[in-house]
Amino acid sequence: MSISRGTKTGVNYYQKKRFFLDLLRKKIPFWPRIALLLKNIVVIYFKICDNGISIEIKFLRVCVMNDYLQLAEILFNEELPTTQQLEALYPPRDLKDGAKVTRVAPSPTGYLHLGTLYVALCCKMTAGEDGVFYVRIEDTDKKREIDGGVKNIIDGLYYFGVTPDEGYTANGEQGKYGPYKQSQRGKIYRAFVKELVKKGLAYPCFCTEQDLAATREGQESRKERTGYYGKYAACRNLSLEQIKEKLDAGQPYVVRLRSGGDESRKITVEDLIKGKIEMPQNDEDFVILKSDGIPTYHFAHAVDDHLMRTTHVIRGDEWVSSLPKHIELFSALGFKAPKYAHIAPIMKLDNGNKRKISKRKDPEAAVSYFVSEGYPAQSVIEYLMTVASSEFEVWRRQNPTLKHADFKFNIKKMSVSGALFDHEKLDDVSKNVISKFDAETVTEAVLKWAKEYDKDFYEKISANTAFLKGIFSIDRGVKNPRKDLAKWRDAKDFTRYFYVAPGFSGLPEHIKPADAVKLLKEYIKIYTVRDSQSEWFEDLKTVCPAANYCPDTREYRQNPQNYNGSVGDFSTVVRICITGRQNSPDLYSIMKLIGTEESLNRIKNVIRILEEA
RNA sequence: GGCCCGAUGGUCAAGAGGCCUAAGACACCGCCCUUUCACGGCGGUAACACGAGUUCGAAUCUCGUUCGGGUCACCA
């Protein structure tokens, strides 16, 4: 991070320039101007005697200070810590060299957003073992705040294992850099605003909404850049008397930064993800303290991230455009700016156009969606990791058993533009995750999910959990497990035929119903539960000749013309009888699990249907 | 509209002037394995937005066009 004009002293380039311009433009009334000049002379004299450098710097401070000092006292007539005290209260962190301090700063306006989770994950991965990842609550907009908003967010973060080291945690506030809720940091913000006012870097503005709308309209009709800057900054040069008058009249006001920026000059920011970003300097006198005394995001960001000693500000890239404001703020406050990393948002396809995933339109925007669908937390995190880093998947294949946190995450390698949310990919990732779970884990998870999100299903499966576990034990725990389940909600359909006999939806075309009937009739005569799958299969083979089906698949493949079908086809018929589908886990296990009687009933039922047809 | 940013298959992406006849993953299709269903293995379809320039040589650097995204509040 760098700024095109360095600031070596307490007073920056903007201030110097502004003072001279104001002087030249005669914005300062006549007598004070003379007074200023007189004082000026003295200072200049001093400075020349001293060391002869930075004459104008000292003079600004001395001359205008009186009014500003008074203003500050009037505006902030309360006991406030000094900024020096605050600096001492929140000293630089004692961490290993190169350790990173990151944070996620959600506002409690609803549920946890997928984007917030994503950013939080990147923050936590960046902080790693040595660093600190903390949660700060940005509740500076009281209008949008909702009840339980903070809890929603923290619970969500914990559910997905993106647990903070500091700030808002499950155990309440933790850490020495708090409070971590902006609504509780009023004095801190006001202390810094006061300091700014003292330096002439901030001033009260009494413009009403209507005033602002009017200037905006004027600007628009003249095709000028809109905003509160330069000559449009109506309250910028109010005299102390004028301000007092309005204050006495009880007019509400905001505090604005007195910007020293020049729109024709550029700032350069080295973003960790996007690289070099060049933008015009900020020249807007934007609001730093709202009329309710609460700071805006911009101001809170500068103060909090400085005081909380954040080293890496990782946030959504919708913030890129306010970077000039933040840079100027850090400079005005005399803070060292943190490193920035702006993450591209997760997008959605909407009518062929990409757009940011939206709370209103997309169920996936709320992480609660993934919870209610029954995606294991780990699946969502794994998926988010694949989006965050293209190297993650390769690493995962090489290290199937390690935790995602062991992956060496490099935020610099993140994609510059937004990725489309890919449901199919999520399902694939999740199937892999679930396929590695053991039966016990799956059973418990499904039970837990169903209890919360599908009562009927829960009633059904909780009656006999051993049976349920039996279902999930089939083909599980082997070297290459099946991948039937992407989410717990899938379990309902997946387990359905274990509980109720399936409907009959027909045979594949190449199997003649008459043949099927012959085979099945023979089969029910001999069916009995066997001790092994191979014995079970032998039974199928034994029945085959009844309809001239070939018991040997290889032989059948070589001479299909000699047969009506193969033992493979017959097993499909049985599968359809038992499960109602052509695709299921190991049939032998299923039949064993549902029991001989039920198996025979299902087969008999299909025989009847086929004969009636 | 101003200001920023971006553009490689349907999707996510590797790619840093010659290793590019452009990797890998998802999806799709085919084959193999297999006692069925799967799992797995192998293979296939499919991309450098367009136009100039720089260069012996461009997916890669520059400019322009087009398209896409973000942002322009007393919201974060």
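Labels below follow one simple rule: chain letters A, B, ... track the order of the sequence lines, proteins then strands, and each chain is numbered from 1. Atoms considered below: every heavy atom in the structure, side chains included; atoms not considered: hydrogens, waters and symmetry mates.
Under 4.0 Å is where a charged nitrogen must lie from a carboxylate oxygen, and between A/Arg258 and A/Asp285 no such pair does. In summary, A/Asp539 and A/Arg530 engage in a salt bridge, as defined by a charged side-chain N under 4.0 Å from a carboxylate O. Remark: A/Glu364 engages A/Lys348 in a salt bridge, criterion side-chain N to carboxylate O under 4.0 Å. Note on A/Lys431 versus A/Asp428: no salt bridge recorded, every NZ/NE/NH1/NH2 to OD/OE distance being 4.0 Å or above.
When the P atom of B/rG69 is taken as reference, atom CD1 of A/Ile357 falls 15 Å away, rounded to whole Å. The CZ-P distance, from A/Phe286 to B/rA76, rounds to 13 Å in whole Å.
Considering only the side chain of A/Lys356, B/rU71 comes nearest among B/rU71, B/rG6, B/rC74.
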What nitrogen or oxygen pairs link the protein and nucleotides 1-4 of chain B at under 3.5 Å?
{"from": "B/rC4", "atom 1": "OP1", "to": "A/Lys266", "atom 2": "NZ", "distance (Å)": "3.0"}

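Counting non-hydrogen atoms of other residues, nucleotides and ligands closer than 6.0 Å to CZ of A/Arg222 gives a total above 12.
The residue A/Ser291 sits close to a base: some heavy atom pair falls under 4.0 Å. Residue contacts for A/Cys207: at a heavy-atom cut-off of 4.0 Å it reaches a base atom on one of the strands shown.
Base pairing analysis places B/rG43 opposite B/rC29; the two distances defining the Watson-Crick or G-U wobble pair are each below 3.5 Å.
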**Report entry** Stepwise ring pair (Phe, Tyr, Trp, His ring centres under 6.0 Å) check, A/Phe206 with A/Tyr253
**Finding:** CA-CA 5 Å; A/Phe206 301 88; A/Tyr253 65 93; 5.7 Å; yes
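Comparing B/rG1 with B/rU8, their P atoms sit 23 Å apart, to the nearest whole Å.
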